[in-house]
Amino acid sequence: MAKRIDVKDLNIYYGKFHAVDGVTLSVPPRSVTAFIGPSGCGKSTVLRSLNRMHEVIPGARVEGDVLLDGQNIYASAVDPVQVRRTIGMVFQRPNPFPTMSIRDNVVAGLKLAGVRNKSQLDEVAERALRGANLWNEVKDRLNRPGGGLSGGQQQRLCIARAIAVRPDVLLMDEPCSALDPISTLAIEDLITELKKDYTIVIVTHNMQQAARVSDQTAFFNLAGVGQPGRLVEIDDTEKIFSNPTQKATEDYISGRFG
Amino acid sequence: MSESSATPTPAGASVDSGNTGVGGRVPSADTTPEGPISAQPVTGNKTKVRPGDRIFRGLTTGSGVLVVVLIGLIGLFLLVQAIPSIGLDQVNFLTSREWSTNDPANLRFGILDLLLVTVATSVVALVIAMPVSLGIALFLTQYAPPKLARPFAYAVDLLAAVPSIIFGLWGLYVLAPQLAPIASWLNDTLGFIPIFADGNVSSEIGGTIFTAGVVLGIMLLPIITSLTREVFQRTPVAQIEGALALGATRWEVIRTTVLPFGKAGYISASMLGLGRALGETIALTIILLAPSTTFGGSIFDGGATFASKIASASSEFNDPRSVGAYITAGLVLFLLTFLVNFAGRAIVSGKKEYR
């Protein structure tokens with residue numbers, strides 16, 4: 001299941017704009033890696049290039065390799081749809097499908113993959129909702145629309161939707177930035193649990209969050225205005241937050257950014 | 001006028017007017033249609049009302065009222081003209097299929113046949129226009145490369161600018177002969193179904209409901225397409241990305257996000273198109289052949305719609321009593337399009353609450 005990710009010399013472009021320059025990093029399986037850095041430094045862009053979501057924007061393209069257990073997901077024979085089925089993603093704003101029930105939201109990915117067996121779908125829905133710590137809250141209203149849940153519940157529904165297909169990797173793009181502190185705590189606990197089974201990469205603006213949930217932390221920064229974003233350093237979270245190698249990292253985490 | 005009421009209170013009121021000027025004008029701008037609120041600052045505090053505001057409000061209110069008054073007057077005109085004729089009608093106005101107005105002393109007219117032909121033509125048009133428009137809208141918003149989508153959308157919109165008389169001529173002289181083999185094939189193979197049965201006019205000439213419906217369908221394409229396209233374009237990116245991230249193909253993205261999101265807009269666009277189809281006049285007047293028998297339920301029948309019947313008779317309007325018969329038909333058409341447009345809007349606003 002959980003696979004390791006190796007990014008090698010990744011350059012990312014929006015049309016002619018060079019957004020991210022030469023990122024190389026590794027994410028071991030069954031761990032949480034946090035991407036931190038100021039806005040616009042390209043951390044979300046890097047995340048989105050890990051499951052080939054970057055290229056859905058017109059003009060966007062990627063150079064370099066992203067290896068999933070040694071297999072390059074940017075190899076020409078690889079189908080991006082297949083990549084996205086094995087690398088799940090959770091977005092900044094909860095985005096359950098508004099016209100679908102809670103249950104149908106959770107099993108949407110399986111239905112796309114062609115699973116039609118009702119009892120199997122029910123079983124997966126329960127497993128995924130339990131996995132997302134949402135089962136007890138919604139088990140009596142599985143057929144109600146997913147849009148009726150609270151923001152935090154919706155985000156856990158989206159996590160359930162992502163893990164229902166048993167992906168190899170789970171990408172999270174600021175999953176708590178639209179949530180209140182209690183819902184945030186619920187998601188963070190969930191991330192710690194999910195780590196047992198999945199390789200997780202999370203983008204966050206909240207450094208405390210990065211410190212709480214992640215095993216290793218990558219700090220991204222801009223070389224300057226109009227310059228591409230780049231990876232400053234990646235290391236064990238404890239080391240990044242106590243004794244970073246780069247001065248820019250220290251300035252950023254201590255709030256003396258600039 | 002406002003100047004004269006402001007001048008007697010010079011220095012003392014200037015501070016006051018400065019305060020209430022802001023406090024009084026801003027909310028009154030929010031609630032312009034409310035009479036009492038807008039009047040209050042003028043009478044109560046002698047706030048300075050600038051002539052520009054007053055003129056502009058008068059103009060906008062006037063334009064708004066004008067539309068409502070016009071619609072009301074048109075309805076009133078139709079009613080006033082129609083009621084005496086209904087009184088003179090020798091047959092049942094709603095259920096009769098006769099239409100003879102040559103002798104004003106013996107008016108025999110009923111709208112049933114016109115209603116059926118009108119609805120049949122519009123339904124044929126919608127059956128053709130709805131799926132094709134959906135296809136065009138999906139192509140333009142989901143499949144076409146942006147460089148192609150823009151000129152293509154422009155071309156579709158241009159279709160709406162073609163005068164309907166052109167569509168009528170083209171339909172009769174170019175399209176109808178091309179459609180004749182299709183019509184006879186449909187008639188031969190599916191003739192056992194009543195709507196494809198033998199019609200009451202020659203299908204070779206093509207003056208059938210089928211031909212008229214196809215032409216009308218083409219005329220509806222730009223109307224339905226442009227509205228549907230706009231709705232589809234507004235599908236939230238978060239939804240689309242959510243589906244993509246689950247490993248949805250392009251068609252699956254459309255099925256799970258774009259279509260559910262745009263369904264209400266598409267249906268209401270089609271209803272607006274239907275409203276247009278019901279009232280289309282000149283193209284149908286040119287194309288449709290009037291047979292001696294009544295509408296028999298086949299799309300290969302000829303006939304006349306409300307609008308084409310009125311248009312083709314307009315040169316012979318001489319007696320007000322006969323004219324009244326046609327105005328009655330116009331009144332029914334007026335109500336019918338009203339109803340369809342209303343239904344279209346109701347569907348849209350109903351769906352909004354659901355989201």
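Throughout, protein chains are lettered first and strands after them, A, B, ... in sequence-line order, and every chain is numbered starting at 1.
For A:Gln71, the CD atom sits in a loose shell: 12 or fewer heavy atoms of surrounding residues, nucleotides or ligands are nearer than 6.0 Å. Dense packing is recorded around CZ of A:Phe17, with more than 12 heavy atoms of other residues, nucleotides or ligands lying under 6.0 Å away. Under a cut-off of 6.0 angstrom, the local environment of CZ in B:Phe342 is sparse, with at most 12 non-hydrogen atoms contributed by other residues, nucleotides or ligands. Crowding of A:Arg144 atom CZ: a count of heavy atoms from other residues, nucleotides or ligands under 6.0 Å not exceeding 12. Within 6.0 Å of CZ in A:Arg127 there are more than 12 heavy atoms belonging to other residues, nucleotides or ligands.
Take A:Arg61 and apply the salt bridge (Lys or Arg N to Asp or Glu O under 4.0 Å) test, not counting sequence neighbours, and it matches A:Glu63.
The heavy-atom pair separating A:Arg85 from B:Leu246 by the smallest distance is CG-O, 3.6 Å. Nearest heavy atom pair, residue A:Leu112 against residue B:Ala243, reads CD1-O, 4.4 Å. The two residues B:Thr257 and A:Phe97 make their nearest non-hydrogen contact at CG2-CE2, 3.7 Å.
Residue contact with chain B, scored on non-hydrogen atoms closer than 4.5 Å, is absent for A:Pro80. Contacts of A:Arg48 with chain B are made by side-chain atoms alone, with heavy-atom separations under 4.5 Å and no backbone atom involved. Heavy atoms of A:Ile87 lying under 4.5 Å from chain B belong exclusively to its backbone. Contacts of A:Val81 with chain B are made by both backbone and side-chain atoms, with heavy-atom separations under 4.5 Å. Proximity to chain A (any heavy atom under 4.5 Å) is restricted, for B:Arg255, to the side chain, taken from C-beta onward.
If you tally non-hydrogen atom pairs under 4.5 Å between each of A:Met53, A:Gln92, A:Arg52 and chain B, the highest count goes to A:Met53.
We find the CG-CD distance between B:Leu244 and A:Glu55 to be 10.0 Å, quoted to the nearest 0.5 Å. How far CG of A:Asp104 is from OG1 of B:Thr256: 12.0 Å, rounded to the nearest 0.5 Å.
In this structure, the side chain of A:Asn95 does not engage the main chain of B:Gln239 through any donor-acceptor pair within 3.5 Å.
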Inset, instruction - Assess whether side chain to side chain contact (heavy atoms under 4.5 Å, CB included) is satisfied between B:Glu241 and A:Met89, documenting all intermediate values. - result: CA-CA 9 Å; B:Glu241 292 198 330; A:Met89 190 163 199; over 6 Å; no

